[in-house]
Amino acid sequence: MPRSEEAQAFFHAVYLAVREIPRGKVTTYGHIAHLVGTPQRARQVGLCLKHLPSDPEARFNSDNVPWQRVINSRGTISPRAVPEGTQAQATALRGEGVEVRTLALGELAVDFEVCGWFPDVLPSGGEQES
DNA sequence: GCGGTGACTGAGC
DNA sequence: CGCTCAGCCACCG
């Protein structure tokens, strides 16, 4: 048990919330933070996805959590330390039918009017216990 | 164990 | 419209 119990619960909640984003739709880090009850922690939501395991054995990993459906509040894919990672997200989104426009400055944008997903509460009822 | 570093955001200039 | 600033807090050196 690495992290504190509370931190673990937060990570868990974030992953479950991200899993509820429908295929072909996108939402923001801030909205996920809002859905899990901590609207001020959008940044930590980003951390959760950044540290999402690639290990197939892990309960939550980059295969079973649609991390690509989370973008920033401006409607663009947040730039990474590694540029390839940003492109990978665009590719993953296009792969599920999301139109990703490339702006002049190299920014990758998605239209919230077309595929934004911003429910007030999680469709599953908000809670998930294991 | 301390301090810099972010896949963030809304407010304020 | 664009830049800074202050909260945020797990991670990693």
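Below, each value reflects all heavy atoms present in this structure, side chains not excepted, and no hydrogens, waters or symmetry copies. Residue numbering restarts at 1 for every chain, and letters A, B, ... go by the order of the sequence lines.
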### Message
Does the protein touch nucleotides 6-11 of chain B at the base, only the backbone, or not at all? Give it as B, S and - per nucleotide, heavy atoms under 4.0 Å.
### Response
BBBSS-
### Query
Can you list the steps and then say if Thr28(A) with Val70(A) is a side-chain contact (heavy atoms from CB on, under 4.5 Å)?
CA-CA 5 Å; Thr28(A) 67; Val70(A) 185; 5.8 Å; no
### Query
Taking the six-membered ring for Trp, is the centroid-to-centroid distance between His12(A) and Phe60(A) below 6.0 Å?
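Yes, the ring of His12(A) comes within the 6.0 Å limit of the ring of Phe60(A), centre to centre.
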### Query
Which part of the nucleic acid, if any, lies within reach of Phe10(A) when heavy atoms closer than 4.0 Å are counted: base, sugar-phosphate only, or nothing?
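Answer is nothing: Phe10(A) stays at 4.0 Å or more from every strand.
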### Query
Starting at NE2 of His34(A) and ending at P of dC8(C), how long is that distance when rounded to a whole Å?
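One finds 17 Å between P of dC8(C) and NE2 of His34(A), rounded.
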### Query
Which whole-number value in Å describes the distance from Glu5(A) CD to dC9(C) P?
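My rounded result for the distance is 17 Å.
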### Message
In terms of relative ring orientation, are His34(A) and His31(A) parallel, tilted or perpendicular, with 30° and 60° separating the classes?
### Response
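The arrangement is parallel - the two ring planes meet at less than 30°.
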### Query
Are the charged groups of Glu107(A) and Arg74(A) less than 4.0 angstrom apart, N to O?
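Salt bridge flag = yes for Arg74(A) with Glu107(A).
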### Query
In terms of side-chain geometry, is the basic nitrogen of Arg69(A) or Glu96(A) positioned less than 4.0 Å from the acidic oxygen of its partner?
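Yes, Arg69(A) and Glu96(A) are salt-bridged.
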### Task
Determine the Euclidean distance between corresponding C1' atoms of dA10(C) and dG10(B); express it in Å to zero decimal places.
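Here dG10(B) and dA10(C) have their C1' atoms 22 Å from each other.
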### Query
In terms of side-chain heavy atoms, does Glu20(A) have a donor or acceptor partner in Ser124(A) at a distance below 3.5 Å?
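The criterion, which ignores hydrogens and geometry beyond distance, is satisfied for Ser124(A) and Glu20(A).
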